[in-house]
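Below: one structure, written as structure tokens.
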2 protein chains.
Amino acid sequence: MENIHILIADDMEAHRRRLERIINSVDNLSIAASAKSGYEAVAYAAIKKPDIVLMDIEMESQMAGVKAASEIHKILPDTKIIMLTVHQDNNIVFAAFQTGIVDYLMKAAPKEEIIEAIYSAYNNQSPIRPIIAEKIRTEFARIKKSEDQLTYFFKIIANLTQSELEILKLLCSGLKRKEIADIRAVEVETIKKQISSLLKKFDKNSTKEVITEVNELRLFDLIKDIS
Amino acid sequence: MENIHILIADDMEAHRRRLERIINSVDNLSIAASAKSGYEAVAYAAIKKPDIVLMDIEMESQMAGVKAASEIHKILPDTKIIMLTVHQDNNIVFAAFQTGIVDYLMKAAPKEEIIEAIYSAYNNQSPIRPIIAEKIRTEFARIKKSEDQLTYFFKIIANLTQSELEILKLLCSGLKRKEIADIRAVEVETIKKQISSLLKKFDKNSTKEVITEVNELRLFDLIKDIS
DNA sequence: AAAAAAGGGGAAGAAAATTTTCGACTTATT
DNA sequence: AATAAGTCGAAAATTTTCTTCCCCTTTTTT
């Protein structure tokens, strides 16, 4: 399994030490850097490009934790930020979620919980914790929609490969995998793999859902005449 | 010279035809697609990833030109959008500039001017035209700063290669090219080339300016201990 | 004014990241 | 049971990005 690089940001020496010990105790986790302020955290993040950031949200010196999280998210949208908090103040936690963090933990959380959170974040599973779960979930659904369903969709389209685009067109025309394979002169297995990647990019589990969205956005005619 | 792919977006058939003729008359310009509405323009942009978009800003049906420009800019930040306008309404032109367009032209502009604008945009030179020049220039300077000088700088840092980062560190320590070359055990020429790329990424013309910025942002200590 | 350093452009080869291709296996549909 | 849909992994091919170095011009030092 690949190595996961982690950036620690906490202004208290003792807390940093504890996190360092925990991370070092797990084989495929490693420390990218250990920052003592929000400002340092942003700089180290830019330099080291960690997979995960464990950020104390209560830091105040130089740059607040929430602000630092937001900056890091702007610079490295794919880096997963996990926030550490002492008092579970739902409002702060919620504010942080809006700036791009993917999970939060109590600072006193047991080792196992921290490690699990790291793996979850790395694998894109947000184990949204109970207390603020609902507020976040509904709010997030809203944001994702309003980030313009259209922009969101087009961004995905722009990231498709030429083959995927072509296959999307053929799928929208109602063709089956075997038929598509014949047209493209490759094995069905290849087409299946490519549709699989396609679905992953659209974050959907079936072609039906993708086609439904294409139709809802009235994109069929445009996709149809892809060269 | 490479081929430049251009997307045309205008709701009037005659205007599209004229632009198509102009583009086809130049050897290394080619038409990626020709859109009849802002909506189509966004879709085609996502599908074709053109280098340049020539967008009629007065389109209204389905999606306004300014809105379409803004969407395309979100999806493809590197695509250069040139706006076409009939009445030179500075406010509209200015609004458009804020959403990511890089130049504007009168619709009646002569062929030569259009072609020149395309090349300028492609080569990242904004020939900012006189009438609104000052307003835009000052406003833009402000925006570029306030887009957080810090975020902007860190984004660049995050895009440096390992060698470039290393060289930046050595430059900040006051070393000369020859000395850096010795440390890295390569020819001075190599270092010179890499510093050149470094400067391009920072959009600066000399290492001095880069170092000044590093110091202003108090980043020297952090950069110093890059592994 | 000469020498040294800084900077720009281009191009070949190396290295890294993506894409394409396909087989094996699992789960839904018909 | 058969067909279709979908997932995972992995080798080969392709594309992109980095590295390296050469040649040439401009700026700075001495």
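These numbers come from a predicted model, not from an experiment. In what follows, chains carry the letters A, B, and so on, assigned in the order in which the sequence lines appear, proteins first and then strands, with residues in each chain numbered from 1. Keep in mind that the numbers below use all heavy atoms, side chains included, and drop hydrogens, waters and symmetry copies.
For Gln162(B) and dT20(D), the CD to P distance is 12 Å, given to the nearest whole Å. Atom CD of Glu209(A) and atom C1' of dA5(D) are 13 Å apart (whole Å). Taking atom CG on Asn205(A) and atom C1' on dT27(C), their separation rounds to 12 Å, with Å as the unit. Taking atom CG of residue Leu160(B) and atom P of nucleotide dC18(D), one finds them 10 Å apart after rounding to whole Å. The CG-P distance, from Leu170(B) to dA6(C), rounds to 13 Å in whole Å. In this entry the distance linking CD of Glu166(A) with P of dT21(C) reads 12 Å, nearest Å. Separating the CZ atom of Arg184(B) from the P atom of dT19(D) is a distance of 8 Å, rounded to the nearest angstrom. Remark: C1' of dA3(C) and NZ of Lys176(B) are 13 Å apart, rounded to the nearest angstrom.
Here the side chain of Ser120(B) pairs a donor or acceptor atom with the backbone of Glu116(B) at under 3.5 angstrom. Within the 3.5 Å criterion, the main-chain N or O of Glu71(A) finds no donor-acceptor partner in the side chain of Thr151(B). Judged purely by atom type and a 3.5 angstrom limit, Lys178(A) has no side-chain atom pairing as donor or acceptor with the backbone of Val188(A).
Each of Val214(A), Leu198(A), Val210(A), Ile223(A) was checked for a side-chain contact (heavy atoms from CB on, under 4.5 Å) with Leu171(A), and the lone residue meeting it is Leu198(A).
Using a 4.0 Å heavy-atom cutoff across all strands shown, Thr207(B) reaches sugar-phosphate atoms only and no base atom.
Scanning for side-chain contact (heavy atoms from CB on, under 4.5 Å) contacts around Ser37(B) gives Tyr39(B), Glu40(B), Ser61(B), Gln62(B), with sequence neighbours left out. With sequence neighbours left out, Ile183(A) forms a side-chain contact (heavy atoms from CB on, under 4.5 Å) with Leu170(A), Leu175(A).
Checked against dT19(D), dA6(C), dT20(C), the side chain of Gln194(A) finds its nearest nucleotide in dT20(C). If you check dT7(D), dT21(C), dA5(C) against the side chain of Leu199(A), the one that comes closest is dT7(D).
Nearest-nucleotide assignment on DNA chain D puts the 5′-proximal partner with Lys201(B), out of Lys201(B) and Val188(B). Residues Ser206(B) and Ile191(A) both approach DNA chain C. Their nearest nucleotides, taken by heavy-atom distance, put Ser206(B) toward the 5′ side. When the nearest nucleotides of DNA chain C are assigned to Val186(A) and Asn159(A) by heavy-atom distance, the more 5′-ward of the two goes with Asn159(A).
Glu164(B) and Ser197(B) make their closest contact through OE2-CB, 3.5 Å (heavy atoms, listed as atom of the first residue, atom of the second, distance).
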Produce the list of close N/O pairs, under 3.5 Å, pairing protein atoms with atoms of nucleotides 22-30 of chain D; give distances to one decimal.
residue : atom : partner   : partner atom : Å
dC23(D) : N4   : Glu189(B) : OE1          : 2.7

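For dT20(C), one of the phosphate oxygens OP1 or OP2 lies less than 4.0 angstrom from a side-chain nitrogen or oxygen of Ser163(A).
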